[in-house]
Amino acid sequence: MIPARRRGTPPPLRPEAPMSILPPVYARLTDHVAAAVRAAFPDLEAMPDVQVVRSKPDFPSDYQTAVAMQLAKPLRRAPRQIAEGIAEALRARTADLIATVDITGPGFLALTLSDAGLADVLAEQVASPRLGAPTLEGTVVIDFSSPNVAKQMHVGHLRSTIIGDALRRIGTFLGHTVVGDNHIGDWGTQFGQLIYAWNHWRDDDAYAADPVAELERLYVKFHQASALDDALNDAARAELAKLQAGDPTNRALWAKFRDDSQHAFDEVYDRLGVRFDETLGESFYHEMLAPLVDDLTARGLAERSEGAMCVFFRDENGEETLPPFLVQKKDGAFLYATTDLATIRYRKERWDPVRVIYVTDLRQRLHFQQLFATAAKMGIDTRLDHVWFGLMKLPEGSFSTRKGNVIALKTLLDEGEARARAVLEARNAEQDDALSAEEIDALAPMIGLGAIKYADLSNHPQTDVVFEFDKMLALNGDTAVYLQYTSARTHAVQRKAEAAGAPTPDGHPVHLEAPEERDLLLHLLDFGAAVHGAWENGRPSDVAHYLYQLATRYHRFYAKCPILKAEGALQASRLSLNALTQRALTAGLDLLGIEAPMRM
RNA sequence: GCCCCCAUAGCUCAGCCGGAUAGAGCACAGGAUUCCUAAUCCUGGGGUCGCAGGUUCGAAUCCUGCUGGGGGCACCA
């Protein structure tokens, strides 16, 4: 039985996470609380959804749960009285992990970990290769970036590329086999136009100098010319038909345009550190389209309407739940929808993925609702998620080729690096322990690209972004540089500690004196939850926020707690915190595709 | 016309499958370095969480309506 869903509501992106993949501390605490609830109220019919969360900074406890309030109604008793019962049972069975259980406010159970318990969970964290994140299995396909052949990559491509790459890294980190697939636009109408334009107006020298720029010029020129003379459109269609029929000349041109464009894409990807496992463009699927439509028709999933082949979505009353999805035009040509359906089917057959994630802008939301609904009709039960993000705009309005205000991705990256270099050089001039020229060469792209990526990734993806160089490349505040600086600090501490002969920290013992230390440690334990949440929600910004919080806590700890001047157990404990912070920062930044320098 | 998304501090945003006193950054005002990198830290002012109802022990968070902004809706991708 499929649960009723409101008209037009997309499928939920966050299914319930099974208990078993909670990070260690939370798994233990929830287990304890649940067991205490059972012990205190054996007659309880239904177990409530027990959630243990970190207490807010100003509250004295480490963790808290509102379970007593949730039980007030079924038990028909006062929350505080229920909390008493649970607290009693908790105290009786968890002295090793929980030091104190208090009842606060309307009936919250406030839990504070014992020193032994903290030492225990810390040791687990240190021993965990994934820093407490769960292990996930199966193959996941991520479809991202997807630029069009013959067009320059501009800042509008940045978000899909950066978010998709971060998701690819996060999924891989969590244990999935991830297939990053660049579904480039290398087929369709524009090729007939390009071939026509190439044959009539090409400038061979310009092409030799910058193929993509020349193709873009031809593309624009064709559109200007065809607006005045409709015969050009027929001519372009004829070239397209020849191409699709396998005409060797047009086929060779098409391959040339595609390959030369790919080189330009690769330059940008290399600079960004973005990798794909596959680049199966639309052309790869074109021979699968006719059989697909035949199949849809044969199975009664598609029907002819106003000359076109459509998939309709109707509920049991015959009401349309979504607008129709066109899979074939009346002239017989196939559409974006057709290719995407063929792609889903191909991916299912080749990889049998547990999940497929599409990263595109919000304008495609309806398309993906229709696509996923059709896939379901076809019997494809893979989890399909559309991770969508807001549009990139200029303060004065949207980007547009016609307005000539499109900013090439390359230009943005150059600008980022140049600004980072300028800051580095200015700082270096007034620093005692100066960086070498080689170090600056290495740091400028790390910092410049980090700033650009972080500006994008730290925003909730589903909001529009107003593109401003100054904001995007700001080098203070909640930015990548702040995180990178934190990383450099942990390395500096480590270097000096090693030079002074301090033993390598192993998370043993834990010796917490200042509240800043406890706060940092508890936050470190949340790494796995943050990464897993980011993955489930399709939202790398969760990792970015976690890291920012981590860096802030580390700096407070650093300002308050001397490390190298501390002695014995206290120093060992602080060095462990330092080391674990470094691991979490390095791993977390890597998940965002940002490098963590050892010195800056 | 129908559908979807958004509205939180002067600005940019976080928090949103309900949980205590709504948090950051920027900007503004002030302070901290005999001590591990001051790209840091601390303090301060700043809020009818768009408006009005509703559900609930509890609403920025869920529901309904309204206002304003953005996006989409048959042969583009």
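These values consider heavy atoms only, across backbone and side chains, with no hydrogens, waters or symmetry-generated copies. Chain A is the first sequence line, chain B the second, and so forth, proteins listed ahead of strands; every chain is numbered from 1.
- Rounded to whole Å, atom P of G18(B) lies 8 Å from atom CD of Gln51(A).
- Separating the NE2 atom in His491(A) from the CD atom in Glu498(A) is a distance of 10.5 Å, to the nearest 0.5 Å.
- When atom types are taken as modelled, the side chain of Arg159(A) and the backbone of Phe389(A) share no donor-acceptor pair closer than 3.5 angstrom.
- With both ends at atom P, the span from A52(B) to A9(B) equals 16 Å, rounded to whole Å.
- In this structure, Arg539(A) reaches the G15(B) phosphate: one of its side-chain N or O atoms is under 4.0 Å from OP1 or OP2.
- Closest contact between the side chain of Trp388(A) and the listed nucleotides G19(B), A77(B), C5(B) involves C5(B).
- Residue Asp542(A) is the one, among Asp542(A) and Asp331(A), whose nearest nucleotide of RNA chain B lies closer to the 5' end (criterion: closest heavy atom).
- What separates CG of Asp361(A) from P of C6(B) is a distance of 16 Å, to the nearest Å.
- For Gln364(A), taking side-chain heavy atoms from C-beta onward, the closest of the listed nucleotides A20(B), A74(B), A77(B) is A77(B).
- The distance between atom NZ of Lys56(A) and atom C1' of G23(B), rounded to the nearest whole Å, is 8 Å.
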**Prompt:** When every nucleotide of nucleotides 31-44 of chain B is labelled 5' to 3' by its protein contacts under 4.0 Å (heavy atoms), B for base, S for sugar-phosphate only, - for none, what sequence of letters results?
**Reply:** ----SBBSBSSS--
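- Backbone-only engagement by Asn459(A) is indicated by non-hydrogen atom pairs under 4.0 Å involving sugar-phosphate atoms exclusively.
- Checked against side chain to side chain donor-acceptor pair (under 3.5 Å), Thr112(A) has the following partners two or more places apart in sequence or in another chain: Thr100(A).
- Counting atom types as modelled, Gln64(A) pairs a side-chain N or O with a base atom of A20(B) as donor and acceptor under 3.5 Å.
- Between Lys56(A) and Asp58(A), none of the side-chain N atoms (NZ, or NE/NH1/NH2) sits under 4.0 Å from a carboxylate O, so this pair counts as no salt bridge.
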**Asked** So what does the secondary structure string of RNA chain B come out as, 5' to 3', with Watson-Crick or wobble pairs under 3.5 angstrom, [ ] for crossing and | for pairs with another strand?
**Response** (((((((..((((.....[...)))).(((((.......))))).....(((((..]....))))))))))))....
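- For the C1' atoms, the distance from G72(B) to G58(B) is 37 Å, rounded to whole Å.
- Applying the 4.0 Å criterion to OP1 and OP2 of C57(B), one finds that Lys73(A) has a side-chain N or O inside that range.
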Using residues 73-85 of chain A as the side-chain source, report each donor-acceptor pair under 3.5 Å to any protein atom, sequence neighbours left out, with the distance given to one decimal.
| residue | atom | partner | partner atom | Å |
| --- | --- | --- | --- | --- |
| Arg80(A) | NH1 | Gly105(A) | O | 2.6 |

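- When the P atom is used for both C6(B) and C16(B), the distance is 13 Å, rounded to whole Å.
- Going from the P atom of U55(B) to that of G23(B) covers 28 Å, rounded to whole Å.
- At the heavy-atom level, Thr104(A) lies under 4.0 Å from base atoms of the strands shown.
- Counting only N and O atoms by type, the side chains of Ser61(A) and Ser55(A) include a donor and acceptor under 3.5 Å apart.
- With Tyr558(A) as the aromatic partner, Arg489(A) meets the cation-pi criteria of under 6.0 angstrom to the ring centre and within 45 degrees of the ring axis.
- Each of C76(B), C57(B), C4(B) was ranked by its minimum atom distance to the side chain of Arg365(A); first place goes to C4(B).
- For the pair Asn182(A) CG and A77(B) P, the interatomic distance rounds to 18 Å; values are reported in whole Å.
- An aromatic stacking contact between Tyr548(A) and the base of A24(B) is absent, as defined here by ring centres under 5.5 Å apart and ring planes under 30° from parallel.
- Taking the ring centroids of Phe325(A) and His367(A), they lie under the 6.0 Å cut-off.
- Separation of the P atoms belonging to C35(B) and C17(B) is 48 Å when rounded to the nearest angstrom.
- Counting any heavy atom pair closer than 4.0 Å across all strands shown, Leu326(A) reaches a base atom.
- Counting any heavy atom pair closer than 4.0 Å across all strands shown, Thr339(A) reaches no nucleic acid atom.
- Between Tyr26(A) and Val53(A), the shortest heavy-atom contact is CE2-CA, 4.3 Å.
- Under the 30°/60° scheme for interplanar angles, the aromatic rings of His183(A) and Tyr285(A) are found to be tilted.
- Checking C76(B), U21(B), A74(B) against the side-chain heavy atoms of Phe312(A) singles out A74(B) as nearest.
- Within 4.0 Å of Ala66(A), counting heavy atoms only, lies at least one base atom of the nucleic acid.
- Within 4.0 Å of Phe325(A), counting heavy atoms only, lies no atom of the nucleic acid at all.
- Annotation: Gln70(A), atom CD; neighbour count of heavy atoms from other residues, nucleotides and ligands within 6.0 Å is above 12.
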**ring-ring contact (aromatic ring centres under 6.0 Å, His included) assessment of Phe108(A) paired with Tyr63(A)** = CA-CA 10 Å; Phe108(A) 289 100; Tyr63(A) 297 91; over 10 Å; no
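- The residue among Glu306(A) and Asp478(A) whose nearest nucleotide of RNA chain B is located toward the 5' end is Asp478(A).
- Straight-line distance from the NE2 atom of His286(A) to the C1' atom of A77(B): 18 Å, rounded to whole Å.
- Counting non-hydrogen atoms under 4.0 angstrom, Gln70(A) reaches a base of the nucleic acid.
- Here, G45(B) and U34(B) have their P atoms 28 Å apart, quoted to the whole Å.
- Comparing the same atom, P, in C2(B) and in G65(B) gives a spacing of 12 Å after rounding to whole Å.
- Residues from residues 74-81 of chain A with heavy atoms under 4.0 angstrom of RNA chain B: there are none.
- Not counting sequence neighbours, Thr374(A) has no partner by the side chain to side chain donor-acceptor pair (under 3.5 Å) test.
- For Leu322(A) and G72(B), the CG to P distance is 17 Å, given to the nearest whole Å.
- Look at the C1' atom in both A59(B) and G53(B): the space between them is 13 Å, to the nearest Å.
- Atom pair Leu371(A):CG and A77(B):C1' shows a separation of 13 Å (rounding to whole Å applied).
- Aromatic ring centres of Tyr454(A) and Tyr548(A): separated by at least 6.0 Å.
- Of all the heavy atoms in Ala514(A) and Cys561(A), the pair that sits closest is CB-SG, 3.7 Å.
- Here G15(B) presents its P atom at 18 Å from CZ of Arg54(A), a figure rounded to the nearest Å.
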